[in-house]
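See below for the structure under consideration.
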Amino acid sequence: MMNDSKLFVLRTWLRARVLDVLGGFSTPQPGIHILNGHRIEKKSDADAFRKMLTELSKTVAFIRIEDAVRMIIERQCPSKPFVAFTFDDGFMDDYDVFAPILEEFGTNALFFINPNYVEGNEEYIQNFDDNVVMTPDKRPMRWNHICELSKRGHIIGAHTMDHYMVNSDNKQILEYQINTCKEVIENHTGVPCDYFAFPYGKLTQANDLSISIACQKYKYVFSQSDYKHYYSFGGKVINRRHFEPFWPIAHVKYFLSCNKTY
């Protein structure tokens with residue numbers, strides 16, 4: 001009898017094979033697609049990301065994230081596929097890899113950061129990597145990197161102070177994690193922080209209280225769930241589709257082949 005870890009490996013393998021097949025026959029569909037990534041796993045993933053964008057550019061148009069958001073808010077239904085990018089957690093991969101490659105393709109990204117990770121000491125960074133986001137051996141962007149990206153036309157968004165799961169009922173903690181995050185980012189960048197994404201991204205990992213607090217503080221709130229629909233939480237939250245730059249291009253094409261609805 002298989003244990004849980006072996007079952008997980010088997011299911012992951014089977015899922016990948018199914019996506020290999022389905023993705024081979026998939027074509028990105030008209031709509032406004034927001035892809036949300038996090039990291040690279042090895043240095044060669046930078047080239048893989050560039051190749052992914054080169055291949056996608058044959059069938060989609062890359063647009064700036066603020067334009068994608070505007071189109072969604074206006075409830076536009078474009079006749080061709082548009083793709084924009086966001087990245088969570090604020091790893092140095094954002095500065096070293098994602099931003100410069102996206103600039104090669106004439107577009108930008110929205111980077112959601114955690115200020116206490118940005119300012120963290122070695123003990124905080126290791127705990128964040130190993131026990132919070134489960135992504136060992138990463139380094140955070142510091143404020144000089146973040147401010148430079150902002151000046152280069154990228155958008156800096158809030159992701160709570162500590163990558164905190166906001167399905168709590170503790171209003172005081174939620175206000176610190178959500179509201180203080182905005183204030184810290186604005187103090188450092190000198191630019192309004194209008195975008196918030198709650199960590200982990202599933203709809204069960206936020207609640208009405210936290211979404212209400214976020215919507216009062218930010219113009220735009222994002223999840224990473226229910227990607228076939230543009231909105232969740234009664235039209236308050238904009239949905240994104242999870243991807244990683246090292247995924248096979250066929251998998252990404254499959255996810256871009258969905259017909260999105262409002």
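- A donor-acceptor pair shorter than 3.5 Å cannot be found between the side chains of Ser44 and Asp47.
- Looking at every heavy atom in both residues, Ala99 comes nearest to His154 through CB-NE2, 3.6 Å.
- In terms of heavy atoms, Ile178 sits closest to Ser210 at CD1-O, 3.7 Å.
- Note: Thr107 OG1 to Ile101 CD1 = 13.5 Å, rounded to the nearest 0.5 Å.
- Between Phe198 and Asn167 there is no side-chain heavy-atom pair separated by less than 4.5 Å.
- Summarising the local packing, OH of Tyr227 is surrounded by more than 12 heavy atoms from other residues, nucleotides or ligands at distances under 6.0 Å.
- For Glu103, the CD atom sits in a packed shell: over 12 heavy atoms of surrounding residues, nucleotides or ligands are nearer than 6.0 Å.
- In this structure, Glu122 pairs ionically with Arg139, as a charged nitrogen and a carboxylate oxygen lie closer than 4.0 Å.
- In this model, no donor atom of one side chain and acceptor atom of the other lie less than 3.5 Å apart for His229 and Asn239.
- Figure legend: Arg241 and Phe255 shown as a cation-pi pair, the cationic atom lying under 6.0 angstrom from the six-membered ring centre and within 45 degrees of its axis.
- Using a 4.5 Å heavy-atom threshold, the side chains of Val118 and Met141 count as separate.
- Within 6.0 Å of the CG atom in Asn131, the count of heavy atoms belonging to other residues, nucleotides or ligands exceeds 12.
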Report the C-alpha separation of Lys217 and Glu183 in whole Å, then their side-chain angles, then the decisive distance to 0.1 Å, and conclude whether the salt bridge (charged side-chain N to carboxylate O under 4.0 Å, His left out) test is met. CA-CA 10 Å; Lys217 195 73 172 179; Glu183 295 160 8; 3.2 Å; yes
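- Summarising the geometry, atom CG belonging to Asp130 is positioned 11.5 Å from atom CD1 belonging to Ile125; distances are rounded to the nearest 0.5 Å.
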For Gln224 and Asn36, run side-chain hydrogen bond (donor to acceptor under 3.5 Å, both in side chains): C-alpha distance rounded to whole Å, both residues' side-chain angles, the deciding distance at 0.1 Å, then the answer. CA-CA 7 Å; Gln224 187 182 278; Asn36 180 60; 2.3 Å; yes
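- Residue Glu74 qualifies as enclosed at atom CD: its count of foreign heavy atoms under 6.0 Å is above 12.
- If you take CG on Asp94 and CD1 on Ile156, they are separated by 8.5 Å, rounding to the nearest 0.5 Å.
- The environment of CD in Gln172 is sparse: at most 12 heavy-atom neighbours from other residues, nucleotides or ligands sit within 6.0 Å.
- Remark: Lys58 NZ to Thr27 OG1 distance equals 13.0 Å, nearest 0.5 Å.
- In this structure, Asn114 and Asn116 have side chains that are not in contact, with every pair of non-hydrogen atoms separated by 4.5 Å or more.
- Between Phe222 and Phe112, the distance separating the two ring centers is shorter than 6.0 angstrom.
- For Lys138 and Asp93, the salt-bridge test passes: some basic side-chain N is under 4.0 Å from an acidic carboxylate O.
- The neighbour count for Asp208 CG, taken as heavy atoms of other residues, nucleotides or ligands under 6.0 Å away, does not exceed 12.
- Val97 and Leu35 fall within a single hydrophobic cluster, where Ile, Leu, Val, Met, Phe, Trp and Tyr side chains are chained together by heavy-atom contacts under 4.5 Å.
- Cation-pi geometry between Lys182 and Tyr218 is met: the NZ or CZ atom falls under 6.0 Å from the ring centre, inside 45° of the normal.
- Residues Asn207 and Asp169 meet the side-chain proximity criterion, which asks for heavy atoms closer than 4.5 Å.
- Counting heavy atoms from C-beta on, the side chains of Val252 and Met52 come closer than 4.5 Å.
- With rounding to the nearest 0.5 angstrom, the OG1 atom of Thr135 is 12.5 Å from the CD1 atom of Ile40.
- In this pair, Tyr124 and Tyr117 present their aromatic rings tilted. The plane angle is within the 30 to 60° band.
- Minimum heavy-atom separation, Ala158 to Cys181: CB-SG, 3.4 Å.
- Ring pair Phe49/Phe85 is perpendicular by interplanar angle, where above 60° counts as perpendicular and below 30° as parallel.
- A heavy-atom distance below 4.5 Å is found between the side chains of Leu53 and Phe62.
- Under the 4.5 Å side-chain criterion, counting only non-hydrogen atoms from C-beta, Lys253 is not in contact with Leu256.
- Rounded to the nearest 0.5 Å, atoms OH (Tyr164) and NE2 (His159) are 14.5 Å apart.
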From CA spacing to verdict: side-chain hydrogen bond (donor to acceptor under 3.5 Å, both in side chains), Tyr195, Glu66: CA-CA 10 Å; Tyr195 302 81; Glu66 59 268 40; 5.7 Å; no
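- Nearest heavy-atom pair across Phe98 and His38 is CE1-O, 3.9 Å.
- Counting all heavy atoms, side chain and backbone alike, Ile72 lies closest to Tyr231 at O-OH, 3.3 Å.
- Within 6.0 Å of atom OH in Tyr262, more than 12 heavy atoms from other residues, nucleotides or ligands are found, so the atom counts as buried in its surroundings.
- Classification of Glu148 and Arg142 as a salt-bridged pair fails, no side-chain N sitting under 4.0 Å from a carboxylate O.
- Annotation: cation-pi pair Arg240/Phe87 absent, no NZ/CZ under 6.0 Å from the ring centroid and within 45° of its normal.
- Side chains of Pro81 and Thr59 form no contact here, defined as non-hydrogen atoms less than 4.5 Å apart.
- A salt bridge between Asp67 and Arg64 is absent, with no side-chain N of the basic residue lying under 4.0 Å from a carboxylate O of the acidic one.
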